[in-house]
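In what follows, chains carry the letters A, B, and so on, assigned in the order in which the sequence lines appear, proteins first and then strands, with residues in each chain numbered from 1.
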2 protein chains.
Amino acid sequence: MKFLSRQEELMLLSIWKLDDNAYGVTIRQSVTDLTGKYWSIGAVYDVLDRLTKKGLVSTVVGDPVKARGGKSKRFYRVIKSGFKALEEVRDLQQKAWVDLPEPAFEKK
Amino acid sequence: MKFLSRQEELMLLSIWKLDDNAYGVTIRQSVTDLTGKYWSIGAVYDVLDRLTKKGLVSTVVGDPVKARGGKSKRFYRVIKSGFKALEEVRDLQQKAWVDLPEPAFEKK
DNA sequence: GATATCTTCTATAATACCGAAGAAATTAAG
DNA sequence: CTTAATTTCTTCGGTATTATAGAAGATATC
């Protein structure tokens with residue numbers, strides 16, 4: 001659509017929450033905790049790439065840390081346009097969930 | 001994902017709101033009003049079909065009404081599973097938008 | 001070189017998006 | 001009256017974007 005997809009939204013919020021420590025693995029952990037569902041590695045990085053390409057986050061490769069697995073992390077950070085996009089869906093959400101009549105359930 | 005997509009959510013809410021009068025055209029109007037964006041005919045019916053296939057709405061073709069354009073309408077109604085799915089994303093949304101630190105904006 | 005931690009790559013399925021074509025009724029023409 | 005034009009709605013078919021998944025690749029420590 002023209003709005004953030006739900007995934008993009010969740011991912012942005014997770015990055016926001018993680019602050020200085022947002023990279024692939026922690027982000028994956030964060031959305032897993034949040035949703036209680038399984039997220040494949042690929043699914044996470046896919047969204048991350050898209051957010052980057054869309055210019056909603058900035059990214060920087062950190063220095064390799066002195067620990068067993070050496071590959072250096074790619075850190076993410078929400079930038080202005082990202083916050084704006086988030087605000088947009090928050091407003092939409094708010095408008096969407098009002099004026100709902102009593103749910104007349106159907107049998108089945 | 002495993003949750004309703006944003007479109008599916010908006011569409012379900014619109015159907016819910018429209019109550020007895022939810023069919024292609026009014027639903028399209030409703031989501032257009034809500035989002036302020038253009039929705040093609042096809043985009044609307046596409047989601048509607050998906051919701052039906054997923055068993056989140058029930059549908060019934062109405063009797064042709066005595067008015068100019070004769071084609072009878074296909075009415076939609078949110079059913080139990082649909083309300084449940086909506087509830088799920090509402091909860092998710094609520095959980096997602098908390099514990100957010102001060103947005104430390106980046107320049108650019 | 002074995003092991004650990006992370007990211008990139010490649011492939012497939014599901015969603016989103018769009019307008020032309022099709023269906024079925026009413027109204028207008030002759 | 002019979003047929004053609006008009007109106008209202010939905011179905012169809014094709015393309016682009018998102019979502020899913022895990023294997024492969026990179027780079028550090030032990």
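- The NZ atom of B/K71 sits 11 Å away from the C1' atom of C/dA21 (whole-angstrom rounding).
- Phosphate proximity of C/dA16 to B/R6: absent, as no side-chain N or O sits under 4.0 Å from OP1 or OP2.
- Nucleotide C/dT15 holds its P atom 15 Å from the CD atom of B/E9, rounded to whole Å.
- The local environment of NZ in A/K37 is crowded, with over 12 non-hydrogen atoms from other residues, nucleotides or ligands closer than 6.0 Å.
- Under 4.0 angstrom from either OP1 or OP2 of D/dC9 there lies at least one side-chain N or O belonging to B/K73.
- Place A/G42 and A/E8 on DNA chain D by their nearest nucleotides, and A/E8 ends up nearer the 5' end.
- At the phosphate of C/dC6, neither OP1 nor OP2 sits under 4.0 Å from any side-chain N or O atom of A/Y76.
- For the atom pair A/L56 CG and A/R77 CZ, the distance stands at 15.5 Å (nearest 0.5 Å).
- What separates OH of A/Y23 from P of C/dT5 is a distance of 10 Å, to the nearest Å.
- DNA chain C is contacted by both A/V25 and B/A43; A/V25 maps to the nucleotide lying nearer its 5′ end (nearest heavy atom per residue).
- The pair A/R6-B/E9 meets the salt-bridge criterion, with a side-chain N (NZ, NE, NH1 or NH2) lying under 4.0 Å from an Asp/Glu carboxylate O.
- Look at A/S5 and you'll find a side-chain N or O under 4.0 angstrom from OP1 or OP2 of D/dA19.
- Annotation: of the two residues near DNA chain D, A/S72 and A/V47, the 5′-most nearest-nucleotide partner is A/V47.
- Distances shorter than 4.0 Å separate some side-chain N or O of B/K54 from OP1 or OP2 on C/dT15.
- Phosphate proximity of C/dA16 to B/R50: present, with a side-chain N or O under 4.0 Å from OP1 or OP2.
- Note: CE (A/M11) to P (D/dT18) measures 13 Å, nearest angstrom.
- Residues A/L48 and A/V89 fall within the same hydrophobic cluster, defined by Ile, Leu, Val, Met, Phe, Trp and Tyr side chains chained together at heavy-atom separations under 4.5 Å.
- Considering only side-chain atoms of B/I41, the nucleotide from D/dG22, C/dT8, C/dG19 that sits closest is C/dG19.
- Here B/F75 lies out of heavy-atom contact (under 4.0 Å) with every strand.
- Distance, B/L51 CG to C/dA16 C1': 13 Å, rounded to whole Å.
- Electrostatic pairing of B/D46 and B/R50 counts as a salt bridge here, judged by a charged N lying under 4.0 Å from a carboxylate O.
- Look at CG on B/D49: it is 13 Å from P on C/dA16, rounded to the nearest Å.
- The CD atom of A/Q29 sits 15 Å away from the C1' atom of C/dT5 (whole-angstrom rounding).
- For A/K2 and D/dA16, the NZ to C1' distance is 14 Å, given to the nearest whole Å.
- Residues A/P101 and B/D19 come closest through the heavy atom pair CG-OD1, 4.4 Å.
- Dashed line: the shortest gap from a side-chain N or O of B/Y38 to OP1 or OP2 of C/dG19 is under 4.0 Å.
- Among the protein residues, A/G24 comes within range of the sugar-phosphate backbone only, with heavy atoms under 4.0 Å from sugar or phosphate atoms but none that close to a base.
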